[in-house]
Amino acid sequence: MIVAAVDIGSNSVRLLVAEVNEQGQVAPLHSDLKTTRLGRGIMAGRLLPAAMEKTLAVLEQYLKQAEELGAQNILLAATSAVRDAANRDEFIRLVAGVTERPLQVLSGKEEARLSFLGAMGGLSGVRNPLVVDIGGGSTEFSWSVAGRLASVSVSVGAVRMTEGGYGNGQIRRVIEPALSVVRRYDYGEVVGVGGTVTTMAAMAIGLELYDPKLVHGFRLTREDVLRLDGKLHGITLAERKRLPGLQPERADIIPAGARILSRVMQGLGANSVLVSEADILYGLVGEARKMS
């Protein structure tokens, strides 16, 4: 069955159209990403009109693309920026008016579950993984305990930390309670998903043109992350925009993203992160398949 899912994040809006079989295996047919920065002004707790308007325009484009590709069900989901906004109900109504479809606002726990399912659907042979999803507004940790999924979500993301002017020490303080929970459990491979992680991988590889096949399954070392973290904080925004592997639209928030990833790896004692292109969108298309 062909289904589609849209992930409305704090930094970007992403589309995945895929064929999903009865076993939940995902075969991507088309994907797209547009930076709308819906989380701009996130520290004030409200979605800004211009960002909402830009996001709605992208949703219209995505629905058209999905329908043209024969999607039998299209799931719209929003994460941290919408979840935490005082005017979230207004945005939900606007989405319904433009798309004639409901918007599912995911809790931190739901976001973590779908990220875990998505990552595991795109990787094989990973032992007892801990999935870390660094987004624009929040970071989710998810892992399995005795066959049941455990998770922690914390309001630490690349957009949120940039908007709040959070430095290294502040990021460490706000993320440490979540890390202390995770450290109580036994887990194996640390798997990283989300724009910060895939961008850091592309930069470590030095990709002039982004190639998901090279990013997926790449092992990003702590040395890679510390080196890139230092470099990103030592150059100007204009210089960052010219770095291989970094989308210019992400150049203003990637220093905060790098600091979050660095803090996660140091706090967990992780020497490397296995990068997965399969993420929450894979989990969402699986949900879309079940709902059809």
Side-chain angles (χ1 to χ4, degrees), residues 1-20 26-42 44-107 110-111 114-115 118 135-138 157-159 194-195 198 210 212 247-250 252-253 277-292:
M1 179 179 290
I2 296 175
V3 293
V6 179
D7 169 28
I8 303 170
S10 302
N11 183 57
S12 59
V13 183
R14 299 182 303 140
L15 167 71
L16 176 63
V17 182
E19 193 166 8
V20 185
V26 176
L29 300 175
H30 172 72
S31 62
D32 202 349
L33 181 151
K34 296 284 191 302
T35 300
T36 65
R37 197 62 63 86
L38 186 60
R40 192 181 299 280
I42 196 169
R46 293 187 67 83
L47 302 173
L48 300 179
M52 288 194 288
E53 187 176 329
K54 192 173 183 181
T55 300
L56 291 170
V58 171
L59 290 179
E60 283 189 285
Q61 294 173 29
Y62 282 176
L63 287 177
K64 185 177 179 182
Q65 291 176 30
E67 288 166 357
E68 288 175 349
L69 288 165
Q72 295 166 263
N73 190 31
I74 305 170
L75 178 60
L76 308 180
T79 53
S80 179
V82 178
R83 178 166 71 231
D84 298 338
N87 57 340
R88 59 183 273 178
D89 290 343
E90 176 192 353
F91 182 68
I92 291 169
R93 286 194 298 272
L94 288 170
V95 170
V98 167
T99 68
E100 298 183 349
R101 293 176 183 274
L103 174 63
Q104 185 176 346
V105 181
L106 303 174
S107 67
E110 289 168 331
E111 190 176 350
L114 291 164
S115 292
S138 65
V159 174
T198 55
Y210 191 86
Q247 293 172 319
E249 298 88 351
R250 191 178 286 275
D252 60 331
I253 63 170
E277 275 281 325
D279 57 14
I280 190 170
L281 273 173
Y282 273 56
L284 286 168
V285 292
E287 292 292 295
R289 171 71 171 81
K290 291 176 189 174
M291 294 163 58
S292 299

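Side-chain atoms are counted along with the backbone in the values below, which use heavy atoms only and exclude waters and symmetry mates.
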(request) Walk me through it: do Leu63 and Arg101 pass the test side-chain contact (heavy atoms from CB on, under 4.5 Å)? (result) CA-CA 10 Å; Leu63 287 177; Arg101 293 176 183 274; 3.8 Å; yes
(request) State, with a plain yes or no, whether a side-chain heavy atom of Met1 is found less than 4.5 Å away from one of Val20. (result) no
(message) Minimum heavy-atom separation for Ala4 and Ala71, please, with both atom names.
(response) CB-CB, 4.0 Å
(message) Using every non-hydrogen atom in the two residues, find where Gly39 and Val159 come nearest and quote the distance to one decimal.
(response) O-CG1, 3.8 Å
(message) How long is the straight-line distance from CD of Glu111 back to CZ of Arg83, given to the nearest 0.5 Å?
(response) 4.5 Å
(message) Could you tell me if the side chain of Val95 sits less than 4.5 Å from the side chain of Leu56, heavy atoms only?
(response) yes
(request) Name all residues meeting the side chain to side chain donor-acceptor pair (under 3.5 Å) criterion together with Ser31; count only those two or more places apart in sequence or in a different chain, and write none if there are none. (result) none
(request) Indicate yes or no: at least one non-hydrogen side-chain atom of Met291 is less than 4.5 angstrom from one of Val3. (result) no
(message) Show the nearest heavy-atom pair for residues Ala18 and Val26, with the distance to one decimal.
(response) CB-CG1, 3.7 Å
(request) Tell me, yes or no, whether the heavy-atom count around Gln72 atom CD, taken from other residues, nucleotides or ligands under 6.0 Å, exceeds 12. (result) yes
(request) Spell out, as yes or no, whether a donor-acceptor pair under 3.5 Å connects the side chain of Arg46 to the backbone of Gly41. (result) no
(request) Measure the OG1-CD distance between Thr55 and Glu60 for me, rounded to the nearest 0.5 Å. (result) 12.0 Å
(message) As an exercise, state the distance from CZ of Arg93 to CG of Asn87, rounded to the nearest 0.5 Å.
(response) 9.5 Å
(message) Using a 3.5 Å distance criterion without hydrogens, assess whether the side chain of Asn73 forms a donor-acceptor pair with backbone atoms of Ala288.
(response) yes
(request) Could you check Leu16 against Leu284 for side-chain contact (heavy atoms from CB on, under 4.5 Å), going step by step and ending with a plain yes or no? (result) CA-CA 9 Å; Leu16 176 63; Leu284 286 168; over 6 Å; no
(message) Nearest 0.5 angstrom please: Asp279 CG to Glu277 CD, how far?
(response) 7.5 Å
(request) Measure the spacing between CD1 of Ile8 and CG of Leu76 and express it to the nearest 0.5 Å. (result) 6.0 Å
(request) Of all the heavy-atom pairs spanning Ile42 and Ala81, show the shortest one and how long it is. (result) CD1-CA, 4.2 Å
(message) So which atom in Tyr282 and which in Pro28 form the shortest heavy-atom distance, rounded to 0.1 Å?
(response) OH-CG, 3.1 Å
(request) Output every pair passing salt bridge (Lys or Arg N to Asp or Glu O under 4.0 Å) with a member in residues 280-292, not counting sequence neighbours, ordered by first then second residue. (result) Arg113-Glu287, Glu287-Lys290
(message) If you define the side chain from C-beta out and look only at heavy atoms, does anything of Leu29 sit under 4.5 Å from Ile2?
(response) yes
(message) Is there a side-chain contact (heavy atoms from CB on, under 4.5 Å) between Val13 and Leu38? Walk through the geometry before answering.
(response) CA-CA 9 Å; Val13 183; Leu38 186 60; 6.0 Å; no
(request) Decide yes or no on side-chain contact (heavy atoms from CB on, under 4.5 Å) for Ile280 and Leu106, but give the supporting numbers first. (result) CA-CA 11 Å; Ile280 190 170; Leu106 303 174; 3.8 Å; yes
(request) Enter the distance from Asp89:CG to Leu94:CG here, rounded to the nearest 0.5 Å. (result) 11.0 Å
(request) Flag the pair Ile253 / Arg37 as yes when at least one side-chain heavy-atom distance between them is below 4.5 Å, and no otherwise. (result) yes
(message) For a quick test of reading the model, state the closest non-hydrogen atom pair linking Arg14 to Tyr62 and the distance between them.
(response) C-CE1, 3.8 Å
